[in-house]
Trainee: 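This structure is in structure tokens; I'll ask about it shortly.
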There are 2 protein chains.
Amino acid sequence: MQGQRCATTRGGRAEISSPPTIRQVAEAAGVSPATVSRVLHGTRPVHPDLRARTLTAAQQLNYRANRVAQALRTRSTGTVGMVVPNVANPFFPVVIQAVENELRRHGVHLLLCDSGDDVREEAELVRSLLDHRIDGILFSPCDRLSSQSAVRLAAGRVPLVQIDRQAVSDVAYVGVDQEAAMSEVIEHLIAEGCRRFAYVSSTSRASTAAERLRAYRRAVKVVHARSAERVYQGTFSLDWGRAAAQRIVDEGDLPDAIVCANDSVALGVLDVLRSKGLRVPEEVLLTGFDDTELASIAWPPLTSVRQPLEMIGRKGAELVLGSGAVPGKSVNLFKAELKIRESSRRRA
Amino acid sequence: MQGQRCATTRGGRAEISSPPTIRQVAEAAGVSPATVSRVLHGTRPVHPDLRARTLTAAQQLNYRANRVAQALRTRSTGTVGMVVPNVANPFFPVVIQAVENELRRHGVHLLLCDSGDDVREEAELVRSLLDHRIDGILFSPCDRLSSQSAVRLAAGRVPLVQIDRQAVSDVAYVGVDQEAAMSEVIEHLIAEGCRRFAYVSSTSRASTAAERLRAYRRAVKVVHARSAERVYQGTFSLDWGRAAAQRIVDEGDLPDAIVCANDSVALGVLDVLRSKGLRVPEEVLLTGFDDTELASIAWPPLTSVRQPLEMIGRKGAELVLGSGAVPGKSVNLFKAELKIRESSRRRA
DNA sequence: ATGAAAGCGCTAACAC
DNA sequence: GTGTTAGCGCTTTCAT
């Protein structure tokens, strides 16, 4: 609506609003811009009188420093970038929220990017964020292999911490110990008497998916070698869960337990089992992963793995800001919590 | 890791890496910085030879413009701010994702802020975003009254569009017609034979909550005046749903249908009804709102209202960018879709 | 303790 | 067409 420009206007006409500059504050206060800056930042001592005049003028003009100019000069934008594979994946919103909160406690803003699980896009995003001179970056690399170059590129320029997913081992990382968590799931199922398993997951190339799968294989091999190969990979969706369950049932060889790499998939499986008249947990036990709201609301309630999302986000933010992200490595592995619910409890 | 500074170094020592400046490209190509800029932006015609040399030099040095400097000069940062009350509310991630995608198609980044449903924080965030000279702002005001000043402040400085929630009527807005949606819910229930209702909602001061409530009252009044007053307000959570259901049951006066302002609440209600042995939909019909994944997964599947989230996000982004946000007003009301499922279907 | 001046990296006016 | 110059708004030497 309003004109945006202004400048000092040689003529002498009235200006149209435009945020006041430090210069204008200086003039109003009868001091130099440098003094204003010093007062506002407490960088160096300033005479009480000038200080007072400056403060008054600043307040009167409602002065607020232009962060862009500040950034150019100080080489710090007060922003941090975050790149995640899929904002709509219920795992991330909570992490994002925690990150944003922690950043803001330090006066830093979050530049959020969704890579859409696409390595090319992801790399592009990282480059673009660097162009914007973000002060750091939180990166959830979508591909544990192909994302490596992007991670390295960015890590060479700004503090970087990998979050949830890891592509490069000597760059800071924060997430949960996926293998420990999945092992715990299997141990629990074995304790419930299960011996034959099937694993429903996605073809995701994320490090987390790989770790969970590895743990699954390692853990089931002990009790039934062939179960280690009974793996169904599709996408992290209800529909894939349904499709996988269909296949499992069709094969006419129902395992004792179906282990899922994620809650959505598990609920898809559950849906089909129910429609086939196969009861959970009576005929087959079922587990999910992530412990989204879905898990507790399902019927029967779904055993799942709860990750400390807020903690991951907060710690990630702390690391980028404090540059605990700079040195060789720095791994912050949290422990997930197995939430045992009816879907995996054998009736006594 | 690496040193960040460099500058032209009067001594003549080798520099440590630091992104190349336009000046360095110019020198390498034997042209002026202005020419480089012109080549890179195609702002004005440049002789093919110089053009080629420039391009080569830029590529060789791997030159990428410093967006901060660019922003200072051009008064455009290539960023848009977004303020939402609660990132973890399953409604927002999808909208955010759509916004981010649309922005990126235009080379614009998203500065995401979570106000935590706090008007003070919200105002602070808006001011801070303005300091960062964002090119526009997408605002989901948490309070239809107290958020007005923040909306007005920001709208006076940059293109602003209210998203989902509206505080100021003469500022651009995009969302769904809440009243129409809620009316449709009630009409459906009436058609199913319901006459006596209860409404479970939150004390939220968001415009959407007010609109849904108003529509509920208006619609039920027609068939049963007292139902218009049977309103339970708490928070948008499973627990509040449980608490509200408990109260409703305790009152010993079960309505024909319990209408909920959101899916989480509805599932909380469902949970308690089930534990009390009250069957849905046989003894009481139930509806939610938002049609999150929860709704379709619940048992029985929950009738809910699906909002075109991606469309809202995309349109919001389009508006800020195209500054369809500038003039007096501009309201983009989408229509929600009633998803009728078992929870509100009377057995024939 | 304070001001003048330089300059962050870029683009746009203005000359040629 | 192209280079030179000025300047976006700020912070920070460097003198005083």
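First the proteins, then the strands, lettered A, B, ... as listed; each starts at 1.
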Trainee: Quick one: the side chain of R51(B) and the base of dG1(D), do they pair up donor-acceptor inside 3.5 Å?
Mentor: no
Trainee: Report yes if at least one side-chain N or O of S37(B) is closer than 4.0 Å to OP1 or OP2 of dT11(C); otherwise report no.
Mentor: yes
Trainee: Quick one: closest heavy-atom pair of T21(B) and Y63(B), and the distance?
Mentor: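 That closest heavy-atom pairing would be C-CE1, 3.6 Å.
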Trainee: Within residues 123-135 of chain B, which residues have any heavy atom lying less than 4.0 Å from an atom of DNA chain D?
Mentor: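 The stretch gives none, as no residue of it lies under 4.0 Å from the strand.
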Trainee: What is the minimum heavy-atom distance between G313(B) and I163(B), and which atoms define it?
Mentor: CA-CD1, 4.3 Å
Trainee: Taking atom types as modelled, is there a side-chain donor on N86(B) or Q97(A) under 3.5 Å from an acceptor on the other?
Mentor: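 Side chains of N86(B) and Q97(A): pair found under 3.5 Å.
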Trainee: In a check of side-chain hydrogen bond (donor to acceptor under 3.5 Å, both in side chains) between D131(B) and each of H109(A), R67(A), R64(A), which one passes?
Mentor: R64(A)
Trainee: Side chain of P33(A), heavy atoms from C-beta onward: which of dT13(D), dG3(D), dT11(D) has the nearest atom to it?
Mentor: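 Between dT13(D), dG3(D), dT11(D), the one nearest the side chain of P33(A) would be dT11(D).
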Trainee: Nearest heavy-atom pair of G78(B) and H132(A): which atoms, and what distance?
Mentor: O-CE1, 4.0 Å
Trainee: Picking from dT11(C), dG3(C), dC14(D), which would you name as closest to the side chain of I22(B)?
Mentor: dT11(C)
Trainee: For residues Q162(A) and S140(A), is any side-chain donor paired with an opposing acceptor at under 3.5 Å?
Mentor: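 Judged by distance alone, the side chains do not pair up.
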Trainee: Nearest to the T74(A) side chain among dT2(C), dT2(D), dT11(D), which nucleotide is it?
Mentor: dT11(D)
Trainee: Please determine if a side-chain N or O atom of T21(B) lies less than 4.0 Å away from the OP1 or OP2 oxygen of dG9(C).
Mentor: no
Trainee: With rounding to the nearest 0.5 angstrom, report the CZ to SG distance, R120(B) to C142(B).
Mentor: 12.0 Å
Trainee: Quick check: are there more than 12 heavy atoms from other residues, nucleotides or ligands sitting under 6.0 Å from CZ of R51(A)?
Mentor: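 12 or below, so no.
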Trainee: Within less than 4.0 Å of OP1 or OP2 of dG3(D), is there a side-chain N or O belonging to T35(B)?
Mentor: yes
Trainee: Under 4.0 Å from any atom of DNA chain D, heavy atoms only: list the residues of residues 57-73 of chain B that qualify, in numerical order.
Mentor: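 Nucleic-acid contacts, sorted: L72(B), R73(B).
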Trainee: In whole angstroms, how far is the P atom of dC8(C) from the CZ atom of R23(B)?
Mentor: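 From R23(B) CZ to dC8(C) P: 8 Å.
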Trainee: Looking only at the side chains, is there a donor atom on one of T74(A) and S76(A) sitting less than 3.5 Å from an acceptor on the other?
Mentor: no
Trainee: Write down the distance between NE2 (H47(B)) and P (dC16(C)), rounded to a whole number of angstrom.
Mentor: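 After rounding, the gap between these two atoms is 23 Å.
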Trainee: Between dG1(D) atom P and R53(B) atom CZ, what is the distance in whole Å?
Mentor: 16 Å
Trainee: To the nearest angstrom, how far is H41(A) atom NE2 from dT12(D) atom P?
Mentor: 8 Å
Trainee: Just how far, in rounded Å, is C1' of dC10(D) from CZ of R75(B)?
Mentor: 13 Å
Trainee: To 10°, what angle do the rotation axes through the five end pairs on each side of the helix from dA1(C)-dT16(D) to dC16(C)-dG1(D) form?
Mentor: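 That helix has its two terminal axes inclined by roughly 50°.
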Trainee: Do the charged groups of E318(A) and R314(A) touch, with an N to O distance under 4.0 Å?
Mentor: no
